[in-house]
Amino acid sequence: MSAERRSNFLRTQIQADLEAGRVRELVTRFPPEPNGFLHIGHAKSITVNFGLAEQFGGQCHLRFDDTNPEKESQEFIDSIQEDVGWLGYQWAGEVRYASSYFEQLYQWALYLIDEGLAYVCDLSAEEAREYRGTLTLPGRDSPFRDRGAPENRDLFERMRQGQFADGEKVLRAKIDMASSNMNLRDPILYRIRHAAHHQTGSEWPIYPTYDFAHGQEDAIEGITHSICTLEFEDHRPLYDWFIAQLPVPNRPRQIEFARLNTSYTITSKRKLKQLVDEGAVTGWDDPRMPTIAGLRRRGYPAAAIRHFCEEVGTSRSDGTVDVAMLESAVRDHLNQHAPRAMCVMSPLRLTLTNLAEPLALTVPNHPANPEFGSRELMMGSELYIDQADFREEANKHFKRLVLGKRVRLRGGLVIEAESCEKDADDNVIRVLARCVTSVPGTDPEDGVKPKGVIQWVSVAHALPATIRCYDRLFAVPEPGREEDALAALNPQSLKVVEGAMVEPGLSEAEQEQVFQFEREGYFVADRYDHTAERPVFNMTIGLRDTWSASHG
RNA sequence: UGGGGCGUCGCCAAGUGGCAAGGCAGCGGGUUUUGAUCCCGCCAUUCGGAGGUUCGAAUCCUCCCGCCCCAGCCA
């Protein structure tokens, strides 16, 4: 993790709380509801919570906020744990579940009833909405608001026993129906749901709401700073109200920060699901998806994602970070950590007319870091180069191979194109060239140095590979504003290259290993589809390109 | 138009009364067997606006403007 951490309001506040002795040790938590896959926005929350604990020598819990069984499942519990672990974090202790506190929460609900601070309400959902009032008009008291504690207790116990149908009754806090904060207009604490829960089975027919559960969960676990996103700010008075009224063992404190938004990205669960359901992507872990699983399959390193989150900073102002910043973090990490290799995307046959014997080359795996070692590459007289790297004629800006001109073969000799062969459609199908140097790494004796370098693969040793080239999923900066998520899709987000040729050593690439294919970009051996016999690479991100955009 | 927040460079973001960090993007130049990397330089006389307090204001006060959130038995 980065050595110097920029200050932000969370770090400042926690530092102050620690110094003032208000808390002895920092305890945070990452509390997802297991109702979907984690995405880049969650990564931000994860790095904030785990990062804070790490910085201040505290601990961070992983807690599933599983208070709404109908939307949740074990599948998500598993994927979330995998994603958090992959991001590089280990939660303190066992995984926790809000559902394991259901009995305690129930007892606290009874406590509130006995204190005259909660009541069972028989209003239907629609009626309750009417009674609640509007943003500008106060609400009205429920006709059930003044039931006595004994009656409320009896009713609530019967709710717990499953004697009422879904929606028939709810338990509400008795606060203030005229509050300007809607959350304080007698919020619902429990609703009846005769639904199986992935953790507690059919044990409970009633489930606590987020508002009644979250702060108490925090208190039970000894969370000192309950960090959440800005939209919960209006809930804080309620959070504090429960903590003040209940005999909880600790007094956690809620602090909100602005959630992360990135350009060219959507994080709406509903819209992401639409992409999956309608086949716009291959699944939740499609390399174009903003999910952690997708980013991972795309080859984005966890360390780069963490660094990106740190670079973005944490504040309370809404905004949208340019996704180029994420891409920059990925390139920066991969430039330092990815070994180099050669790949020819669109093979064009190149014959070296004067190379008598195949040449054994020793090529470094990284241009700047000797620790990456080197590899042996055989260069025979028959090679593949990229079609884009040859032109019969070109202006001086074209630094690749041109008839009569020279270019250096990466890690090998300097060659000069002599002629080319074409098919009936006038496409160049073969280039003939002669070597103008005989020793790798040297310049031509006549002093005419090549202007450029191109990658190549030896025909005799080439390994055919499938390369999946990805681009941004969306063509517009703010696809989230589009009602129909599919309308903003970038039609060019995936191009599958079947006939690519890679150097032979790549047969040993391990799944999820990332390489830089020189002059092309970073590519990861697909986590599932890549095999030694049938190599499959996903383009993680292209190299920064300051040339092709301005030239063609 | 009730309440709660937020407004510092194109995008993030530090700054908490003492004279506007940094990153990304962009633009110049250098090095280079990746048109990559790396290196050097440029990029806010000004902090949403207008007043005010002060020797001094992005930081304090007043008013105004803009944007976001809240009326689920979702989280």
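Chain letters run A, B, ... following the sequence lines, proteins first and then strands; every chain starts at 1. Quick note: numbers below take in every heavy atom, side chains included, and nothing from hydrogens, waters or symmetry partners.
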Visitor: Give a yes/no verdict on base stacking between B:rG35 and A:Trp547: centres under 5.5 Å, planes within less than 30° of parallel.
Guide: yes
Visitor: For nucleotides B:rG5 and B:rU1, find the distance between their P atoms and express it as a whole number of Å.
Guide: 16 Å
Visitor: Rounded to the nearest Å, what distance is computed from the CZ atom of residue A:Arg391 to the C1' atom of nucleotide B:rG35?
Guide: 12 Å
Visitor: Once you apply the 3.5 Å cut-off to both distances, tell me the Watson-Crick or G-U wobble partner of B:rC67, or none.
Guide: B:rG5
Visitor: Say you pick atom C1' in B:rA14 and the same atom in B:rU59; how far apart are they, in whole Å?
Guide: 13 Å
Visitor: Measure distances between side-chain N and O atoms of A:Asp234 and base N and O atoms of B:rG3, and say whether any donor-acceptor pair falls under 3.5 Å.
Guide: yes
Visitor: Output the single nucleotide from B:rU34, B:rC12, B:rG7 whose closest atom is nearest the side chain of A:Arg340.
Guide: B:rU34
Visitor: Would you classify B:rG15 as syn or anti? Syn applies when the glycosidic angle is within 90° of 0.
Guide: anti
Visitor: Could you tell me whether A:Ala125 contacts a base, only the sugar-phosphate backbone, or nothing, with contacts defined as non-hydrogen atoms closer than 4.0 Å?
Guide: base
Visitor: Using the P atom as the reference point in each nucleotide, state the distance between B:rU62 and B:rG26 in Å, no decimals.
Guide: 43 Å
Visitor: Give A:Ser263 one of three labels, base, sugar-phosphate or nothing, depending on what nucleic acid heavy atoms sit under 4.0 Å from its own.
Guide: nothing
Visitor: Between B:rA75, B:rA25, B:rU34, which nucleotide has the shortest distance from any of its atoms to the side chain of A:Tyr210?
Guide: B:rA75
Visitor: Can a side chain N or O of A:Arg185 be found less than 4.0 Å away from OP1 or OP2 on B:rC73?
Guide: no
Visitor: B:rC74 phosphate, OP1 or OP2: any side-chain N/O from A:Arg193 under 4.0 angstrom?
Guide: yes
Visitor: For residues A:His333 and A:Arg306, is any side-chain donor paired with an opposing acceptor at under 3.5 Å?
Guide: no
Visitor: Counting only side-chain N and O atoms of A:Arg236, is one of them less than 4.0 Å from OP1 or OP2 of B:rG4?
Guide: no
Visitor: Taking a pair as Watson-Crick or G-U wobble with both distances under 3.5 Å, which nucleotide is matched to B:rU62?
Guide: B:rA50
Visitor: Let's see if you can work this out: which of B:rA71, B:rG35, B:rG5 has an atom nearest to the side-chain heavy atoms of A:Arg129?
Guide: B:rA71
Visitor: Where the side chain of A:Asp545 is defined as all heavy atoms beyond and including C-beta, which of B:rG35, B:rG22, B:rG2 is the nearest nucleotide?
Guide: B:rG35
Visitor: What is the nucleic acid contact for A:His214, judged by heavy atoms within less than 4.0 Å: base, sugar-phosphate only, or nothing?
Guide: nothing
Visitor: Write down the distance separating the P atoms in B:rC27 and B:rG15, rounded off to the nearest Å.
Guide: 31 Å
Visitor: Could you measure between the two C1' atoms, the one in B:rA75 and the one in B:rC19, and give it in whole Å?
Guide: 47 Å
Visitor: OP1 or OP2 of B:rC69 versus the side-chain N and O atoms of A:Arg259: is any pair under 4.0 Å?
Guide: no
Visitor: With respect to A:Asp186, which candidate in A:Arg145, A:Arg172, A:Lys174 satisfies the side-chain hydrogen bond (donor to acceptor under 3.5 Å, both in side chains) definition?
Guide: A:Arg145
Visitor: Of the options B:rU34, B:rA25, B:rG7, whose atoms approach the side-chain atoms of A:Leu543 most closely?
Guide: B:rU34
Visitor: A:Ser180 side chain: which of B:rU34, B:rA75, B:rG3 is closest?
Guide: B:rG3
Visitor: Would A:Gln199 and A:Gln74 count as having a side-chain donor-acceptor pair, cut-off 3.5 Å?
Guide: yes
Visitor: Measuring only the P atom in each nucleotide, how far is B:rC40 from B:rU31? A whole number of Å is fine.
Guide: 15 Å
Visitor: Counting the atoms with a prime plus P, OP1 and OP2 as sugar-phosphate, which does A:Asn8 contact under 4.0 Å by heavy atoms, base, sugar-phosphate, or nothing?
Guide: sugar-phosphate
Visitor: For A:Gly139, which contact category applies under a 4.0 Å heavy-atom criterion: base, sugar-phosphate, or nothing?
Guide: nothing
Visitor: Can you tell me if A:Glu256 and A:Gln254 form a side-chain donor-acceptor pair at under 3.5 Å?
Guide: yes
Visitor: Pairing donors with acceptors under 3.5 angstrom, does anything connect the side chains of A:Thr362 and A:Glu376?
Guide: yes
Visitor: Quick one: are A:Leu184 and A:Pro237 in side-chain contact, heavy atoms under 4.5 Å?
Guide: yes
Visitor: Quick one: A:Glu310 CD to B:rC12 C1', roughly how many Å, whole number?
Guide: 13 Å
Visitor: Heavy atoms from C-beta onward define the side chain here; which of B:rC12, B:rC74, B:rA71 lies closest to that of A:Glu33?
Guide: B:rC74
Visitor: Looking at A:Thr134, I'd like to know whether one of its side-chain N or O atoms comes within less than 4.0 Å of OP1 or OP2 on B:rG2.
Guide: no
Visitor: Across the strands shown, which category fits A:Tyr207 at heavy-atom distances under 4.0 angstrom: base, sugar-phosphate, nothing?
Guide: nothing
Visitor: Between B:rC70, B:rG23, B:rC73, spot the one nearest the side chain of A:Glu311, thanks.
Guide: B:rG23
Visitor: Using whole Å, report how far CZ of A:Arg5 lies from C1' of B:rG22.
Guide: 17 Å
Visitor: Go ahead and name the base partner of B:rG10; Watson-Crick or wobble counts if both distances stay under 3.5 Å, otherwise write none.
Guide: B:rC24
Visitor: Pick base, sugar-phosphate or nothing for A:Gly452, based on heavy-atom distances below 4.0 Å to the nucleic acid.
Guide: nothing
Visitor: Name the orientation class of the two ring planes belonging to A:Phe398 and A:Trp547 (parallel below 30°, tilted from 30 to 60°, perpendicular beyond 60°).
Guide: tilted
Visitor: Looking at the side chain of A:Pro367, which of B:rA75, B:rU34, B:rU33 is the nearest nucleotide?
Guide: B:rU34
Visitor: Mind checking if A:Pro138 touches a base, just sugar-phosphate, or nothing, with heavy atoms under 4.0 Å?
Guide: nothing
Visitor: Measure the spacing between CG of A:Leu326 and CZ of A:Arg331 and express it to the nearest 0.5 Å.
Guide: 11.0 Å
Visitor: Whole Å only: how far is the CG atom of A:Leu184 from the P atom of B:rC69?
Guide: 21 Å
Visitor: For B:rU33, give its Watson-Crick or G-U wobble partner with both distances under 3.5 Å, or none.
Guide: none
Visitor: Which one, B:rU33, B:rA75, B:rC24, comes nearest to the side chain of A:Asn68?
Guide: B:rA75
Visitor: Could you tell me how far B:rU16 sits from B:rA57 if I compare only their P atoms? Round to whole Å.
Guide: 15 Å
Visitor: When all nucleic acid strands are considered with a 4.0 Å heavy-atom cut-off, which category describes A:Gly319: base, sugar-phosphate, or nothing?
Guide: sugar-phosphate
Visitor: Is it the case that B:rU34 (base atoms only) and A:Gln455 (side chain only) share a donor and an acceptor within less than 3.5 Å, ignoring hydrogens and angles?
Guide: no
Visitor: With P as the reference atom in both, quote the distance from B:rG49 to B:rU37 in angstrom, rounded to an integer.
Guide: 36 Å
Visitor: Does B:rC73 have OP1 or OP2 under 4.0 Å away from a side-chain N or O of A:Thr209?
Guide: no
Visitor: Within less than 4.0 Å of OP1 or OP2 of B:rG26, is there a side-chain N or O belonging to A:Arg544?
Guide: yes
Visitor: Once you apply a heavy-atom cut-off of 4.0 Å, does A:Arg132 come out as touching a base, just sugar-phosphate, or nothing?
Guide: sugar-phosphate
Visitor: Hey, are A:Arg400 and A:Asp386 close enough for a salt bridge, meaning a charged N less than 4.0 Å from a carboxylate O?
Guide: no
Visitor: Identify whether any heavy atom of A:Gly521 sits under 4.0 Å from a base atom; if not, whether one sits that close to sugar-phosphate; answer base, sugar-phosphate or nothing.
Guide: nothing
Visitor: Using atom CD1 of A:Ile40 as one end and atom P of B:rC12 as the other, report the distance to the nearest whole Å.
Guide: 16 Å
Visitor: Check this one for me: any side-chain N or O of A:Arg316 less than 4.0 Å away from OP1 or OP2 of B:rC68?
Guide: no
Visitor: I want to check one thing: is the phosphate of B:rA14, taken as OP1 and OP2, less than 4.0 Å away from some side-chain N or O of A:Ser315?
Guide: no
Visitor: Send over the distance from A:Tyr239 OH to B:rA75 P, rounded to a whole Å.
Guide: 16 Å
Visitor: Under 3.5 Å, is there a donor-acceptor pair linking the side chains of A:Arg191 and A:Thr209?
Guide: no
